[in-house]
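Order of appearance sets the numbers: ligands from 1, and atoms from 1 within every ligand.
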Amino acid sequence: MPRAHIELDKRAVIAPVRHRTFGAFVEHLGRCVYTGLYEPGHTTANEDGFRMDVVELVRELGSTTVRYPGGNFVSGFRWEDSVGPREARPVRRDLAWHSLESNQVGLDEFARWLKLAGAELMLAVNLGTRGILPALDLLEYANHPSGTALSDLRIANGTLQPHNVRMWCLGNEMDGSWQQGFMTADDYGKIAARTAAAMRMADRNLELVVCGSSGSSLPTFGDWERTVLEHSYEYVDYVSCHAYYQELDGDLGSFLASALDMDFFIDTVVATADHVGHKKRSKKKMQLSFDEWNVWYLKEYQEAAEVSDEWSYAPRLLEDVYTVADAVVVGNLLMTLLRHSDRVTSASLAQLVNVIAPIMTEPGGPAWRQTTFFPFAITSRLASGEVIRPVIEGPAYGTARHGEAPVIDAVATVDDGRAAVFLVNRDLKETARVTIDVRSLASTQITEAVTLADADIYAKNTLADQERVKPAANASAALTDGVLTIELPPVSWTAAALC
Ligand code: AHR
C-alpha cells in the first residue's frame, strides 16, 4: 500500500481563496444554450424559457462567474443581433461551429439567467472579425445607466438597470488558426491595447483580460504572451490561459498527472508576465484568468469532424460523457488552480451544460450530473478562507508526458476554525494510506469526508443511468491527536472537511 504523509501549517498561506476560481463558461455552441439552459416548453421552463432544473444544478455546482458568449463563437458574433424584440432577431450562420444561430438568447436574457443562477457575468467582445467601435457600443449598451442612444435602447428593450459587467475578455484565442480573424501576436497585442485603452476611457474600473495562449503545446506559447503583453501591459489586468486534457494512446498515468502541465503553464505565464512587467518598471502584477480548462476528448472531435453542407440549430456537438478518471483529473486541476491563487484569480471551467460540461440535459427530458460535477461542486462548497501549501512526502511515478509525478497530490484551505483538504490518488491499482498532520489547524472533528472512486474507473453517468457514479462517504477517515488518517482508493478524488 503506498503511503504518504502531509504536513499542514496554517501559516503557509498562498493567498485567499478567490471567489472567481469557481467560474464556468457558456458558449453559443451545440446545445449549451439551446436545449441546455434554454428550452421554452420544457416542463421546468420559466417565463423566459430557461430550464429551472438546470438552474438548480448550476447553483449546486457553485459557479461564481460565467464567461459568455464564446469561445470561438464570439469571433463571428454581432451582439446587436441578440437584443431587442425576439421576433425581429436575425438568424445567422455561426462559422466557428458550422451551426445556425437564432439569437433567441442574448445579453439581456442571459443576464437574467445569471441572476437565477447567482453568478457574475464575464463578457467577451469580438476582436476577430470586428474591432474597437462595436466593443465600445456593447459596453455602452451593457453598462451605461441611461440617457445615451445605446443605454436607452437597452431600457427600451426592457432592461432598466445597467448590467454593470466588470470583467471583459478582449477576444478569444486569437493565436489559433481555427479562430475567425486569427492574428500574429504583434497584430493582436496592438488591437487589444487600443481596444482596452478605449474601453477604459468609458470606464476606468473595468477588469480587462487579454488573450494568452490557447495551449501550452502551441509553438508560439510564451512568445505570444511576451509580445502581446509588451503592447498591452498597461491597459489590461489579466492574461488568459486555456488548457484541455485527455487520455491519449491509453496513457492513463500521464493523463492523471495533467495537473503538472497546468502547473507548468501557470509558472511560465507568470514568469513571462513578470518579465514584461519588470521591463516596463510597472508596479502592476498581471493576474491570470484561466478561463477555459477541462478534460475534452478533442482528438476524437477533430478526427470525427467532417465539413458538412448541413446548417442546423443547436446540433449535438462536443457532448463528451465523462468517466471517473476524468473527474479525478478535473478535481486535481481545480486543486492546482487553488494552489496558484496568488496569481490565478479567475478561472472558468469550460463549459457548463451539454458541451464538454458537468451538467447534461435531454430535450423534453431530465438534467443530470456528470462525474466531473462532483469534485467541482464539493470544492466550491468547502474551499474558503485562505489556501495553504501542504508539504507532501510520498512516492512518485514516471510519466511519458510530464516526467516524475507524485502519486498523491493535495491542497488545503483554512477559514476561521474550519479547514478543508482536497486529495487525489493517481495510483492505478493501489489504495494509498495518507496521514495528515493538522495540529496547526487545531481541528478536533471531521465534519465530512467524501471520495469519488469506482472499481470501474471508466464508469459514467448517462441518460439511461444518471446516478451510476457519485461520491461516497469515506469511512476510513479518522482524526486522532491532531493526525487525520485516510485511505484513498486507486484513481480517486477526496475531500475532507474539519472543524
Ligand atoms: O470550449 C470549446 C472551444 O475551445 C472554445 O470555443 C474555444 O475558445 C476553445 O478552443
Side-chain angles (χ1 to χ4, degrees), residues 23-34 36-37 63 65-77 93-99 101 110 122-129 167-183 188 192 209-218 220-221 224 228 238-246 258 261-262 265 288-305 314-322 326 329-330 333 346-360 370 372 376:
F25 175 33
V26 165
E27 177 166 6
H28 283 247
L29 191 183
R31 298 194 308 114
C32 184
V33 173
Y34 303 108
L37 310 182
S63 311
T65 46
V66 183
R67 182 168 174 258
Y68 177 83
N72 298 340
F73 170 81
V74 83
S75 293
F77 181 50
R93 292 180 310 178
D94 164 25
L95 303 186
W97 302 107
H98 203 83
S99 313
E101 172 56 53
F110 189 66
M122 176 180 181
L123 210 49
V125 302
N126 175 355
L127 289 189
T129 56
M167 280 194 90
W168 294 77
C169 303
L170 301 163
N172 175 69
E173 294 193 347
M174 298 306 303
D175 59 337
S177 55
W178 57 88
Q179 200 70 215
Q180 295 164 73
F182 68 90
M183 293 175 203
Y188 172 66
V209 187
V210 76
C211 293
S213 292
S214 309
S216 65
S217 60
L218 288 183
T220 47
F221 177 57
W224 171 274
V228 166
Y238 292 87
V239 57
S240 74
C241 309
H242 290 183
Y244 292 100
Y245 300 97
Q246 72 171 109
S258 297
D261 177 73
M262 188 182 245
F265 197 136
L288 274 57
S289 170
F290 219 116
D291 49 40
E292 288 189 34
W293 68 272
N294 203 349
V295 171
W296 177 9
Y297 284 81
L298 178 60
K299 188 160 177 259
E300 286 72 356
Y301 168 73
Q302 286 168 336
E303 284 170 0
R316 288 183 186 260
L317 288 175
L318 279 55
E319 298 200 5
D320 288 10
V321 181
Y322 290 118
D326 296 334
V329 170
V330 165
L333 294 171
S346 181
S348 306
L349 175 70
Q351 299 193 5
L352 189 56
V353 183
N354 287 333
V355 172
I356 46 172
I359 298 167
M360 296 299 289
Q370 292 238 48
T372 53
F376 193 101

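The shortest N/O to N/O separation between His242 and ligand 1 does not fall below 3.5 Å.
With ligand atoms numbered from 1 in the order given, ligand 1 contributes 3 (C), 6 (O) to contacts under 4.0 Å with heavy atoms of Trp97. Here is the list of ligand 1 atoms found below 4.0 Å of a heavy atom in Tyr244: 1 (O), 2 (C), 4 (O). Those atoms of ligand 1 with a heavy atom of Gly71 less than 4.0 angstrom away are 5 (C), 6 (O), 8 (O). Annotation for ligand 1: atoms under 4.0 Å from non-hydrogen atoms of Phe25 are 1 (O).
Relative ring orientation between Trp293 and Phe376 is described as parallel, the plane-to-plane angle staying below 30° on a 0-90° scale split at 30° and 60°. Below 30°, between 30° and 60°, or above 60°: for Tyr188 and Trp224 the angle between ring planes is below 30°, a parallel geometry. Ring planes of Tyr68 and Phe110: parallel class, angle under 30° (limits at 30 and 60°).
Of all protein heavy atoms, the one lying nearest to atom 10 (O) of ligand 1 is Glu173 OE1, 2.6 Å.
Ligand 1 lies nowhere less than 4.0 angstrom from a heavy atom belonging to Phe73.
If you check each of Gln351, Glu27, Glu292 against atom 9 (C) of ligand 1, the one with the closest non-hydrogen atom is Glu292.
For Asn72, heavy-atom contacts with ligand 1 shorter than 4.0 Å involve the backbone as well as the side chain. Residue contacts with ligand 1 for Tyr301 are absent, since no atom lies close enough (heavy atoms, distance under 4.0 Å).
In this structure, Arg67 pairs ionically with Glu292, as a charged nitrogen and a carboxylate oxygen lie closer than 4.0 Å.
Taking the centre of each ring, Phe290 and His242 stay at or above the 6.0 Å mark. Ring-centre distance between Phe265 and Phe221: below the 6.0 Å cut-off.
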Take Ser75 and Asn72, measure what side-chain hydrogen bond (donor to acceptor under 3.5 Å, both in side chains) needs, and give me the verdict at the end.
CA-CA 6 Å; Ser75 293; Asn72 298 340; over 6 Å; no

